[in-house]
Amino acid sequence: MALILVAAAVAAVLAAVYSLLGRIASYRRLAHIPGPRWAAWTDLWLVRGQLSGQLNFTLQAVNEKYGNLARIGRNWVVCGDPEELRRIWGVRSNYKRAYWYRGLRVDPYRDSTFSTLDDAVHDELRAKLLPGYGGKDVDGLHEIIDTQVAGFIKLLESKYLAEEPSKKSNASYRTVDLARKVQFFTLDVISALAFGNAFGYLEADADKFGYIRTTESTVPILMSTAIMPWIVNLLQSPYLRPFMPNVRGMVGIGTVMNLAKEAVDARYGDQAIVKRDILGSFVAHGLARDDAEGEAVVQIIAGSDTSATAIRSTLLYIITNPHVYVRLQREIDEGVRAGRISSPITDTEARNFPYLQAVIREGLRMWPPATGLLPKVSKTDDVICGHRIPAGTSVAWAPWTVMRNKEIFGDDCALFRPERWMDISAEHFRAMDQTVMLDFGGGSRYECLGKNIAMIELNKVYVELLRRFDIVLVDPAHPWKSFNAAFFIQSDMNVRITRREEAVKA
Ligand code: HEM
């Protein structure tokens, strides 16, 4: 017995020494890169940041204090320089996805385009997905989005319009949490596109099958565990599989996975239904049945909260900046009067309204909707912002730093000022645009597959709301609750919506 105890003590001491030596070695490897002291010794600094719901601001503060390249973990650095990020994320770069992406598996035992680490597999998958997402193979893409825009307007008109304050009735005090309703809208758009049928959030005006509740409680944890490869390995280990909760059985996400399975089942096999929609395009381009199921789920996760955040935050900036609000509404009204805006506005029409386009870009700049670390690792040693980076180091991005770059956006980059996009040289516009589009990831290798769809949504939604309604915040001192968990969990954006008396409707 005594011998066993001594052996155990020796083993514990050896393990502690081994771990300490490992820590010293990893500390020294990146010791030349400045950053918060604790981050150099433990990844818990980064995990704590991720769990705080404020990591976007924390990374911005880190870059402000330590420079555009800073150390944020034992094997982690963060880069806030747009040019360097474009190089790292670019097609010909020597970088690949870091292990973090493996942690984003929805189904812990299978990869999707979002979680695969293998470049060749990823390229092949993207080739099969691109024509569908790009809309080339899809009939009625715009009409499907229009139907959901109409559903969104109908929901607000039928249940949430307040009367003018002058009319003293209870209806004049009616308010609505716009953050939630916007999410219902984007969930219905994506499900209609991905599965052929909208989930029906707008009609039910409720978190159907608890999907929102489940993702809001699980994603912050998923994003934190993804930072530590050993936890990812542990959670996805085949030995632990019997002890892990079955994702298919989980409220919300499980339901979405089952709906994806049903939709996909109908498209494969002897009596497969052939349709010219996104799923049909995946099938036509040879996507395997299992992969199609996974991709349908990824679309819902990747495409609903991101677009919802873009819409909410831009609306928030619009309604809290009176000069922007008035100018945008005037542009819309004049467009309607001149017959240049259909009902609903088409994507092509929207592109011809310069102030609207400026507002959309400025909104995406002020509040990047997807703030995951998106780390890439170099296959060889590299130099970033003048610092030597050993091969294998995870290089994350800092969206808030990137979007507030004074050289690109000017000294007033902290302000929401759409005018910065107007009456400038083509070269200056391109520099700003390239930077803002980093919101969607970069290069053709990693760029968001749903960017086209997201931009169509944005091109329509502000016009359709502001041509009909006036929107004011109930409590400007507390405009919303917003928690950053790689995507944003946002609620309590309580507003009062009234019908515009003199609205110009087509
Ligand atoms: C404003 C809205 C959106 C933003 C800001 C956004 C942003 C992003 C970002 C940053 C990435 C990751 C790039 C990387 O790994 O480096 C991504 C990937 C992806 N997004 Fe989006 N997204 C948006 C909307 C959408 C929509 C509407 C869809 C679906 C219709 C979608 C589908 C995807 C997919 C499938 C991927 C994975 C691409 C790949 O792994 O190659 N996204 N998005």
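Worth knowing before you read on, the calculation uses all heavy atoms, side chains too, and leaves out hydrogens, waters and symmetry mates. Ligands are counted one by one from 1 in listed order, and the atoms in each one are counted from 1 as well.
Distances from ligand 1 to the non-hydrogen atoms of R97 include at least one value under 4.0 Å. The shell of residues lying under 4.0 angstrom from ligand 1, judged by heavy atoms, includes H122. Heavy-atom distances between K376 and ligand 1 reach below 4.0 Å in at least one pair. Judged by the shortest distance from any of its heavy atoms, W89 lies outside the 4.0 Å radius around the atoms of ligand 1.
In the vicinity of D439, heavy-atom distances shorter than 4.0 Å reach the ligand 1 atoms 5 (C), 7 (C), 10 (C). When each atom of ligand 1 is checked for a heavy atom of Y133 under 4.0 Å away, the hits are 29 (C), 30 (C), 35 (C). Against a heavy-atom cut-off of under 4.0 Å, I190 is close to the following atoms of ligand 1: 27 (C), 30 (C). For ligand 1, the atoms lying closer than 4.0 Å to a non-hydrogen atom of Y101 are 14 (C), 15 (O), 16 (O). Interface atoms of ligand 1 facing I453, defined by a heavy-atom separation under 4.0 Å, are 30 (C).
Using a 4.5 Å cut-off on side-chain heavy atoms (C-beta onward), V138 and R276 make no contact. Contact of the L30 side chain with the P390 side chain is registered, since non-hydrogen atoms from C-beta on lie closer than 4.5 Å. Annotation: side chain of R180 is not in contact with side chain of D207 (no heavy-atom distance under 4.5 Å).
Under the 6.0 Å cut-off for aromatic ring centres, Y133 and F282 qualify, their centroids lying closer than that. Checked against the 6.0 Å centroid criterion, the rings of W400 and F57 qualify as a close aromatic pair. A ring-centre distance under 6.0 Å is not found for W397 and W76. The distance between the ring centers of W367 and F488 falls below 6.0 angstrom. Between Y211 and Y201, a ring centre-to-centre spacing not shorter than 6.0 Å is recorded.
Shortest contact from atom 26 (C) of ligand 1 to any protein heavy atom: G303 CA, 3.3 Å. The closest protein non-hydrogen atom to atom 23 (C) of ligand 1 is T306 OG1, 3.4 Å. Closest protein heavy atom to atom 12 (C) of ligand 1: F114 CE2, 3.8 Å. Annotation: atom 1 (C) of ligand 1 to nearest protein heavy atom, F440 CE2, 3.7 Å. Ranking protein heavy atoms by distance to atom 13 (C) of ligand 1, first place goes to Y446 O, 3.1 Å. In terms of protein heavy atoms, atom 36 (C) of ligand 1 is closest to L449 N, 4.1 Å. Nearest protein heavy-atom neighbour of atom 33 (C) of ligand 1: A302 CB, 3.6 Å.
Atom 43 (N) of ligand 1 has its nearest heavy-atom neighbour, among G441, S112, A194, C448, in C448.
Here's the thing with R126: one of its N/O atoms is less than 3.5 angstrom from an N/O atom of ligand 1.
Looking at S342, its side chain never comes within 3.5 Å of a backbone N or O of P344 through a donor-acceptor pair.
Using a 30° and 60° split on the angle between ring planes, F114 and Y101 fall in the tilted class, from 30° to 60°.
Note that R97 lies outside the cation-pi zone of Y446, set by a 6.0 Å cut-off to the ring centre and a 45° limit from the axis.
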